[in-house]
Number of protein chains: 2
Amino acid sequence: MKNVLNKIKRVYDLSEEALSLLTSRLRLVNFPKGYILFEEGRTEKYAYFIERGIARAFCRKDDKEITFWFGSEGEMLFSYNSYISAKPGYETVELLEEAILYEVSLSDLQELFLNNLELANWGRKLAETELIKTEERFISYQFTPAIQRYEELLNSNPDLLQRVSLGQIASFLGVTQVTLSRIRADFR
Amino acid sequence: MKNVLNKIKRVYDLSEEALSLLTSRLRLVNFPKGYILFEEGRTEKYAYFIERGIARAFCRKDDKEITFWFGSEGEMLFSYNSYISAKPGYETVELLEEAILYEVSLSDLQELFLNNLELANWGRKLAETELIKTEERFISYQFTPAIQRYEELLNSNPDLLQRVSLGQIASFLGVTQVTLSRIRADFR
DNA sequence: ATCCTTTTTTAACATTTGTAAAAAGAAAAG
DNA sequence: CTTTTCTTTTTACAAATGTTAAAAAAGGAT
């Protein structure tokens, strides 16, 4: 549970009591490589902490898929619409490796948030840090050319190339796979 | 205070007590058109509710400005880095019209969050709704061509054209002003 | 090792978008 | 009303990216 506990504490430091309130609701689960954890259009009932493995979130349009997020050890998985508004999600989440996750039901989380001040603030911090990450990525998207975003992505995530395909990275960067190939060729 | 109260309640419904705890920390302030409310690199001490007026947030790079957000009546203004981590902000916020705002100090907000369960959950919901909006915009950015994003922007914000310049809208859409002109020409 | 499947790169061409500069239009100032 | 300034559109050309298809490379399975 090392990676998960690390994540929980990094979000917002909890007392022993609050921490065990939260962890008592976690359930260890395993899934095979390729498993579809969340499906677009479905209202999900659980969120997950990644103890081991890597996942991607994507949306479908026409016959294309756009990957807009990668997450690995020590990160959380949720379908934002389900988590935040109990509405059908707009994203599909696929596990790209055999994975060890900790599952928590969204109703348990809600109940904890509404009854425990520390955990409510933990939930606040969780959303806030995700918010900053998302907005920074959005801004860098408009400012930074794909070449540079590619380098930065690999710097902050050196093992990504070994774990996910270039097609998925290309769509994450917002270019076609052909363009990413050209970028990589220039890069050498 | 109509627009502001509306916003507060839309985020998360508060009891009378919690609501007055929050509103008692608000202070009415006025600023002229063109006023720079937040400045890139500065750690801001306040957040604002917009009662009347419209603002934009932008980042500078080289000699370009990229507008990545517009906000008007019933929305909040904060420098995310200051609000979330008490660190210097990466964005500049400019008021595009004479504005009536309600100011609240970030330290007051923090104190309320740490002491009141309802307000902590209000703060959580606030971050969560901002998070969903940001992520949806990020996704639509990758999926939707500029022409369509332009139409959607005007649909959801019919008076925007009267309130901000096309140059700012172009940079918000992630294209040059020349491209936006072409889009508008095709559109007719 | 060989075959089969999947992933990645390369090529040629079309389309889109950017750049720079000029022209047209609109708004503000005298 | 005229001049000045700022905003928006248009033009011509250059650069970047998308599309489609084929070739090359890499990974798995037998």
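Lettering follows sequence order; numbering is per chain, from 1.
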A.B. asks: CG of B:Leu161 versus C1' of C:dA27: gap in Å, rounded?
C.D. replies: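 Spelled out: CG on B:Leu161 to C1' on C:dA27 is 17 Å.
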
A.B. asks: Rounded off to whole Å, could you give me the CD-to-C1' distance for the B:Gln162 and C:dA27 pair?
C.D. replies: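 Distance check: B:Gln162 CD to C:dA27 C1' gives 15 Å.
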
A.B. asks: Once you round it to whole Å, what is the distance between P of C:dT7 and CG of A:Leu180?
C.D. replies: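 It works out to 15 Å between those atoms.
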
A.B. asks: Distance check needed: C:dT17 C1' versus B:Ile147 CD1, whole Å only.
C.D. replies: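 Those two atoms, CD1 and C1', are 12 Å apart.
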
A.B. asks: Whole angstrom is fine here: how far is it from CD in B:Gln177 over to P in C:dA23?
C.D. replies: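 Result: 18 Å.
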
A.B. asks: Choose from D:dT20, C:dT8, C:dT19 the nucleotide whose nearest atom is closest to any side-chain atom of A:Val178.
C.D. replies: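 Ranking D:dT20, C:dT8, C:dT19 by closest atom to the A:Val178 side chain puts D:dT20 first.
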
A.B. asks: Hey, are B:Arg163 and B:Glu73 close enough for a salt bridge, meaning a charged N less than 4.0 Å from a carboxylate O?
C.D. replies: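 Looking at B:Glu73 together with B:Arg163, the answer is yes, because their closest N to O distance falls below 4.0 Å.
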
A.B. asks: Would one find a side-chain N or O of B:Ser181 under 4.0 angstrom from OP1 or OP2 of D:dT8?
C.D. replies: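 No, no such contact exists.
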
A.B. asks: Are the charged groups of B:Arg52 and B:Glu97 less than 4.0 angstrom apart, N to O?
C.D. replies: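 Here B:Arg52 pairs with B:Glu97 in a salt bridge, since their nearest N and O are under 4.0 Å apart.
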
A.B. asks: Quick check on C:dG18: is either OP1 or OP2 less than 4.0 Å from any side-chain nitrogen or oxygen of B:Thr179?
C.D. replies: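 Yes, B:Thr179 has a side-chain N/O under 4.0 Å of OP1/OP2 on C:dG18.
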
A.B. asks: OH of B:Tyr150 versus C1' of D:dT8: gap in Å, rounded?
C.D. replies: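 So the two atoms are 12 Å apart, to the nearest Å.
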
A.B. asks: Students often get this wrong, so: under 4.0 angstrom with heavy atoms, is B:Ala146 touching a base, only sugar-phosphate, or nothing?
C.D. replies: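 Result for B:Ala146 = nothing.
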
A.B. asks: Given side chains that start at C-beta, do those of A:Leu21 and A:Asn116 come closer than 4.5 Å, heavy atoms only?
C.D. replies: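 They are in side-chain contact.
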
A.B. asks: Please determine whether a side-chain nitrogen of the Lys or Arg among B:Lys9 and B:Asp13 lies less than 4.0 Å from a carboxylate oxygen of the Asp or Glu.
C.D. replies: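 No, this pair does not count.
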
A.B. asks: With DNA chain D as reference, determine whether B:Arg182 or B:Ser165 sits nearer its 5' end, using the nearest nucleotide of each.
C.D. replies: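 Comparing both residues, the 5'-ward one is B:Ser165.
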
A.B. asks: Starting at atom CG of B:Leu166, determine the distance to atom C1' of D:dT7, rounded to an integer number of angstrom.
C.D. replies: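 Distance check: B:Leu166 CG to D:dT7 C1' gives 8 Å.
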
A.B. asks: Starting from C1' on D:dA16, measure out to CG on A:Leu173 and report it in whole angstrom.
C.D. replies: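 Interatomic distance, CG of A:Leu173 to C1' of D:dA16: 16 Å.
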
